[in-house]
Amino acid sequence: MSTTTQNIKIEKSGTSKIDQVDFSNLAFGSIFTDHMYICDFKNGEWQTPVIKPYGPILMDPSAKVLHYGQAVFEGMKAYKADDDKIWMFRPDENQKRINISAVRLQMPEFPKELFYEGLETLLKLDRDWIKKGEGNAMYIRPFMIASEPGMSASPATEYKFMFLLSPVQSYFKGGGGDVKVLFADKYSRSASGGVGFAKAAGNYAGQFFPTALAQEQGYQQIVWTDASTHTNLEEAGVMNVFFRVGDTLLTAPNSDRILDGITRKSILEVAKDEGIKVEVRNVTVYEIEEAAKNGTLKEMFGAGTAAVVNPITGFGFKGNDYELPKLKTDDSYAILLRKRITDIQNNKVEDKFGWRYLVKE
Ligand SMILES: *Cc1c(COP(=O)(O)O)cnc(C)c1O
């Protein structure tokens with residue numbers, strides 16, 4: 001069956017896979033819904049988008065993405081409220097950011113109207129896959145790849161922009177949770193003038209080797225430091241990081257080496273609203289080490305769409321290991337800030353910042 005809605009050609013899948021899925025036991029990003037969205041860029045313009053059954057895509061083996069890594073992506077979530085309405089959290093930020101990433105990788109920008117039309121149509125088509133209730137969400141993966149065949153190391157003239165949908169539970173149920181981190185003192189994830197601020201595919205591949213080494217030493221993730229001095233704490237692999245020293249919340253300023261996280265900027269606003277003292281400035285490994293030694297380092301946590309806030313229980317630096325104190329739930333900024341944000345995402349409280357976006361029926 002094939003129909004055309006607005007500007008999208010829709011080929012529905014004959015049968016749904018939904019009955020084969022155990023929604024109470026989802027490993028993050030491992031299950032995909034019945035449909036996916038594809039829009040091709042050719043001859044200098046975006047073509048009529050297609051929504052079709054989820055499955056492999058055909059590409060020439062010389063496609064530039066496979067050789068030169070011209071690829072960018074996003075990560076966002078949709079939620080179903082008790083009244084069955086579908087909401088997203090600050091999607092305008094993801095829509096703008098994928099184009100900021102695309103420009104840095106010399107790729108075409110994807111038009112805002114196509115982004116919303118495609119995503120909302122796909123979410124509505126696979127709406128049964130979005131489960132209600134605490135912790136349940138639909139993880140959305142927008143991405144763009146260079147599909148033009150050819151071995152010359154130059155930007156492609158053909159691209160594919162796609163949306164995939166993957167149902168997720170609370171990150172903590174899906175095997176996430178408390179992490180110990182290693183502060184980087186040798187490897188780097190990004191450098192000034194580079195692509196660290198972009199969600200470019202290669203930024204992640206480059207972290208796998210040093211992260212595997214850190215894991216052999218008992219750390220789950222690395223907190224990257226500036227590439228030239230390894231002094232300033234920047235961010236983790238897919239999360240921005242926050243430090244609570246005394247009752248002040250610290251995080252690094254944005255730069256071209258750091259991903260401008262939407263969770264990070266939401267936390268900064270909510271923290272200020274809570275009357276928490278916030279400082280956005282360079283945070284050095286030495287001051288955090290000193291604070292850990294003298295007992296003023298109370299919390300560290302990562303911030304990103306997948307986990308919202310992910311507590312860090314300890315860190316290692318140059319052979320020394322530090323454990324953070326166990327705070328009571330009522331005393332934790334991480335828990336307070338996570339609740340304030342997830343309550344907005346799940347439509348439980350007034351949206352005083354204007355962050356929720358209703359998917360129109
Ligand atoms: C995606 C990502 C984040 C978190 O960004 P959010 O918009 O909060 O999801 C932080 N750092 C890196 C490197 C990332 O890729």
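In listed order, ligands and their atoms are each counted from 1.
For the atom pair CE of M138 and CZ of R127, the computed distance is 11.0 Å after rounding to the nearest 0.5 Å.
Here atom 3 (C) of ligand 1 lies nearest to V238 when heavy atoms of N94, V238, N203 are compared.
Residue contact check: Y204 has heavy atoms under 4.0 Å from atoms 13 (C), 14 (C), 15 (O) of ligand 1. Which parts of ligand 1 touch E235 is read off a 4.0 Å heavy-atom cut-off, strictly below it: atoms 10 (C), 11 (N), 12 (C), 13 (C). For ligand 1, the atoms closer than 4.0 angstrom to any heavy atom of G261 are 5 (O), 6 (P), 7 (O), 8 (O).
Under a 4.0 angstrom heavy-atom cut-off, R189 registers as being in contact with ligand 1. Heavy-atom separations between R97 and ligand 1 include at least one value shorter than 4.0 Å. The shortest heavy-atom distance from S266 to ligand 1 is not under 4.0 Å.
Using modelled atom types, one finds no donor on one side chain facing an acceptor on the other under 3.5 Å when comparing T248 with E279. Neither side chain, T342 nor K348, offers a donor N or O lying under 3.5 Å from an acceptor on the other. At a cut-off of 3.5 Å, with distance as the only test, no side-chain donor of K17 or T33 sits close to an acceptor on the other residue.
Both the backbone and the side chain of T263 come within contact range of ligand 1, each with a heavy atom under 4.0 Å.
The two residues I312 and L324 have their closest heavy-atom pair at O-CD2, 4.0 Å.
Between E299 and S332, some side-chain heavy-atom pair lies under the 4.5 Å cut-off.
Closest to atom 2 (C) of ligand 1, if we only count protein heavy atoms, is K199 NZ, 2.5 Å.
Proximity of a side-chain donor or acceptor of R338 to a complementary backbone N or O of R340 within less than 3.5 Å is not detected.
Checking only distances, I262 does come within under 3.5 Å of ligand 1, N or O to N or O. Checking only distances, T305 does come within under 3.5 Å of ligand 1, N or O to N or O.
Under a 4.0 Å N-O distance rule, the pair K352/D273 qualifies as a salt bridge.
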